[in-house]
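As the structure is a computational prediction, the values presented were derived from the model and not from experiment. Order of listing sets the numbers, starting from 1, for every ligand and every atom in it.
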Amino acid sequence: MRPESTIRDISLAPEGERKIEWVAQHAQTLNSFAAERLSDGALSGRRIAIALHLEAKTAYLAWLFHEAGAEVAATGSNPFSTQDDVCAALVRRGLTVHAIHGADPKTFDQHLLATLDFKPDLIVDDGAELVTRLHQHRRDLLPGVRGASEETTSGVLRLRAMEREGALDIPVIAANDARCKYLFDNRYGTGQSALTAILAATNLLLAGKAVIVAGYGWVGQGLALYCRGFGARVIVVEVDPIRGLDAAANGFEVLTMAEAAPIGDVFVTGTGSIRILRREHFERMKDGALLANAGNYAHEIDVPALAAMAIEEREARRHVTEYVLADGRRIHLLAQGALVNIVASDGHPVEIMDLSFSVQALSVHYLARHAAELAPGVHALPAEIDDAIARRRLDLLGMRLEEPTPEQLAYARTWR
Ligand SMILES: NC(=O)c1ccc[n+]([C@@H]2O[C@H](COP(=O)([O-])OP(=O)(O)OC[C@H]3O[C@@H](n4cnc5c(N)ncnc54)[C@H](O)[C@@H]3O)[C@@H](O)[C@H]2O)c1
């Protein structure tokens, strides 16, 4: 083991290797970019720090950066999604890792800071975990950081808040806001993986059940779509009138949470906000209600309030905590209210992360070449790079796009 790594157990590496190899076989888009753009020398000698859910797909991204000539240090963006065998495999391959599954909040924080102490010049972040700590606790390292890219909606929100306050001192690419990311990852990736995680954790039937989806953004749309596909009655809870109307136009009922609380069999949050499910809702839920969160932070379900209401708490199944209330009703919380698809399962399907991590890989590559031209602040990935990823993926799927004729191009530019 490299001395500077902090992991559970290096002897777990063979199982981690198998997982990474499986990803490598199915990450066709990323592989094709690795074979050309990533290996053009732009990443050679760079120091890249990664804070993402540290399972096999992330490990493969980290490995491709390493193969492209970069020094890489990786940590997890949530200790419950860290897979110790994958960490061991990465260390055995020569990368630096600071991550242990289930680390307590203090240790998790130390792992993030240790990853910054690697002195990166480029950062791949999730939830702005590294970038916020860089600005708050490791300002001495700021001059060496050329830029970062951000994986998720909640992270982009935090970074924009920093930008508004004039507190963001580096350029950050909002990888989340690339169309090749949110249209597929947030929507179809979370839809499939959160649903399969809930089903695997509970072994219960969805058909005929009332599923309450809180938030009808990209994540909520995917959840609602897939739950309907499994035969559930889907009810959407929203605060945004356009998104609420969109849900209604797609055939879903739209209710307040107070109205939905006594109806729901399953509740899934995906808003990026806080305390979407709270005491006043727990008080009205049916016996056996299942609660899961697909939003980035574990604040969407008020778990402390639920625990305070309970007279008894036990692990009913792996990833399912049962809270027994004073009137005898049982409420089942999945994955302790953290990201259900990542904590109770392996996260998004490989082909989804193949697209998301193509966005991340090309964001980092773009920063390596152009960071000096970018002002501090949040930037979009150039649209031509986003388009190139979609084109490449379509090519690999054996699908072809129509080329507009010169006449059609001219027509689009005329107004008479
Ligand atoms: N589980 C995963 O793997 C995964 C993947 C991608 C994104 N995420 C996370 O999921 C969350 C949502 O992401 P998104 O891309 O859908 O964001 P989004 O901004 O597109 O959608 C969020 C929606 O929630 C609604 N909302 C906000 N407050 C609400 C409230 N109090 N009640 C009901 N609805 C409310 C908003 O109006 C919006 O429509 C973020 O935290 C994001 O980081 C998770």
Chemist: Counting only nitrogen or oxygen atoms and a 3.5 angstrom limit, does Thr153 reach ligand 1?
Modeler: yes

Chemist: May I ask you to list the atoms of ligand 1 that are less than 4.0 angstrom from any heavy atom of Val239?
Modeler: 26 (N), 27 (C), 28 (N), 29 (C), 30 (C), 31 (N), 32 (N), 33 (C), 34 (N), 35 (C), 37 (O)

Chemist: Out of Val343, Thr271, Leu277, whose heavy atom is nearest to atom 34 (N) of ligand 1?
Modeler: Thr271

Chemist: Atoms of ligand 1 less than 4.0 Å from Gly272 heavy atoms?
Modeler: 11 (C), 40 (C), 41 (O)

Chemist: Please check if the side chain of Arg393 supplies one atom and the backbone of Ile389 the other of a donor-acceptor pair under 3.5 Å.
Modeler: no

Chemist: Test Tyr323 against every option in Ile311, Val303, Leu291 by the side chain to side chain contact (heavy atoms under 4.5 Å, CB included) rule and name the one that passes.
Modeler: Val303

Chemist: Students often mix this up, so state it plainly: with edges at 30° and 60°, are the rings of His299 and Tyr297 parallel, tilted or perpendicular?
Modeler: parallel

Chemist: Sorted by first residue and then second, give each side-chain hydrogen bond (donor to acceptor under 3.5 Å, both in side chains) pair with at least one member in residues 191-206; sequence neighbours left out.
Modeler: Ser193-Asn341, Ser193-His348

Chemist: Among all protein heavy atoms, pick out the one at the shortest distance from atom 4 (C) of ligand 1; state its residue, atom name and that distance to 0.1 Å.
Modeler: Thr190 OG1, 3.6 Å

Chemist: How far is atom 12 (C) of ligand 1 from the closest protein heavy atom, and which atom is that?
Modeler: Gly270 O, 3.4 Å

Chemist: State, yes or no, whether a side-chain contact exists between Thr132 and Arg158 at a heavy-atom distance under 4.5 Å.
Modeler: yes

Chemist: Using a 4.0 Å cutoff against the non-hydrogen atoms of Val237, which atoms of ligand 1 qualify?
Modeler: 33 (C), 34 (N)

Chemist: Pick from Val145, Leu116, Asp125: which one makes a side chain to side chain contact (heavy atoms under 4.5 Å, CB included) with Val131?
Modeler: Asp125

Chemist: List every atom of ligand 1 that sits less than 4.0 Å from any heavy atom of Leu339, numbering the atoms from 1 in the order shown and giving each element.
Modeler: 1 (N), 2 (C)

Chemist: Looking only at protein heavy atoms, which one is nearest to atom 43 (O) of ligand 1, and what is the separation?
Modeler: Thr152 OG1, 2.6 Å

Chemist: So which heavy atom in the protein is nearest atom 16 (O) of ligand 1, and how far is it from that ligand atom?
Modeler: Val219 N, 2.8 Å

Chemist: Is it true that His348 lies under 4.0 Å from ligand 1, counting heavy atoms only?
Modeler: yes

Chemist: List ligand 1 atoms under 4.0 Å from Ile276, heavy atoms only on the residue side.
Modeler: 30 (C), 31 (N), 32 (N)

Chemist: Look at atom 3 (O) of ligand 1 and say which protein heavy atom is nearest, naming residue and atom and giving the distance to 0.1 Å.
Modeler: Asn341 ND2, 2.9 Å

Chemist: Considering only protein heavy atoms, which is closest to atom 1 (N) of ligand 1, and at what distance to one decimal place?
Modeler: Ala294 O, 2.8 Å

Chemist: When you measure from atom 37 (O) of ligand 1 to every protein heavy atom, which one gives the shortest distance, and what is it?
Modeler: Glu238 OE1, 2.8 Å

Chemist: What is the minimum heavy-atom distance between Val364 and Ser149, and which atoms define it?
Modeler: CG2-OG, 4.2 Å

Chemist: What atoms in ligand 1 come closer than 4.0 Å to a heavy atom of Asp185?
Modeler: 5 (C), 6 (C)

Chemist: Is the number of heavy atoms from other residues, nucleotides or ligands within 6.0 Å of CZ (Phe230) greater than 12?
Modeler: no

Chemist: Heavy-atom count check: over 12 atoms from other residues, nucleotides or ligands less than 6.0 Å from Lys119 NZ?
Modeler: no

Chemist: Out of Gly347, Ser154, Gly244, Ser81, whose heavy atom sits nearest atom 41 (O) of ligand 1?
Modeler: Ser154

Chemist: For atom 18 (P) of ligand 1, what is the closest protein heavy atom, and at what distance to 0.1 Å?
Modeler: Arg243 NH1, 3.6 Å

Chemist: Count the heavy atoms of every other residue, nucleotide or ligand shown that sit under 6.0 Å from CZ of Arg317, and state whether that count exceeds 12.
Modeler: yes

Chemist: I'd like to check whether Trp218 has a polar contact with ligand 1, where a contact means an N/O of the residue lying under 3.5 Å from an N/O of the ligand.
Modeler: yes

Chemist: Does the structure place the NZ or CZ of Arg46 under 6.0 Å from the centre of the six-membered ring of Phe65, at an angle of no more than 45° from the ring's axis?
Modeler: no

Chemist: Does anything in residues 237-263 form a salt bridge (Lys or Arg N to Asp or Glu O under 4.0 Å)? List the pairs, not counting sequence neighbours.
Modeler: Arg233-Glu253

